[in-house]
Amino acid sequence: MTVPHYSDLWRGIAQTAPDRPAIVTRDRRLTWAEFARESGAIARHLTEVTRLRPHDAVALLLYNRPEHLTV
């Protein structure tokens, strides 16, 4: 059985509703397309500078801020 990942869900939403708001804060508004692009950049960076590969589990201990999901 394949377990879906959050990234799969987010990618699907970005493909079907790219212009809908994904993250809205007082200072910034990101569409699903922008969110997918920026969070994908983080994932690409991690695979380039570490031994992580796609679908590896990663945990981050950070304050609860939307900026931590994107570059």
Side-chain angles (χ1 to χ4, degrees):
M1 179 174 135
T2 303
V3 178
H5 295 91
Y6 280 118
S7 61
D8 298 329
L9 175 64
W10 294 340
R11 190 177 307 114
I13 295 170
Q15 290 173 349
T16 58
D19 297 325
R20 291 192 65 183
I23 297 175
V24 178
T25 69
R26 189 177 342 171
D27 303 321
R28 191 168 181 204
R29 180 183 183 103
L30 282 178
T31 65
W32 278 102
E34 293 166 329
F35 176 57
R37 185 174 47 253
E38 291 191 21
S39 59
I42 292 171
R44 280 187 299 282
H45 176 75
L46 288 173
T47 59
E48 291 169 3
V49 301
T50 69
R51 293 182 182 195
L52 291 171
R53 295 291 157 240
H55 298 291
D56 282 351
V58 175
L60 301 172
L61 180 59
L62 303 167
Y63 290 107
N64 190 14
R65 301 275 309 168
E67 293 85 2
H68 296 142
L69 298 172
T70 64
V71 176

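Numbering starts at 1 and runs along the sequence shown.
- The heavy-atom pair separating A36 from A14 by the smallest distance is CB-CB, 3.7 Å.
- Residues I42 and V49 do not share a hydrophobic cluster, clusters being chains of Ile/Leu/Val/Met/Phe/Trp/Tyr side chains in contact below 4.5 Å.
- Pairing each heavy atom of P21 with each of V24, the nearest pair is CB-CG2, 3.9 Å.
- Closest approach of D19 to T31, counting heavy atoms only: O-CG2, 3.7 Å.
- Residues R28 and L30 come closest through the heavy atom pair NH2-CD2, 3.4 Å.
- Here CD1 of I23 is found 4.5 Å from CZ of F35. Values are rounded to the nearest 0.5 Å.
- At a threshold of 4.5 Å between non-hydrogen side-chain atoms, the residues T47 and P54 count as touching.
- Here the closest heavy-atom approach between residue W32 and residue A17 is recorded as CB-O, 3.6 Å.
- Surrounding CZ of R51 are at most 12 heavy atoms belonging to other residues, nucleotides or ligands under 6.0 Å away.
- Across all their heavy atoms, E34 and R29 have their closest contact at OE1-O, 3.8 Å.
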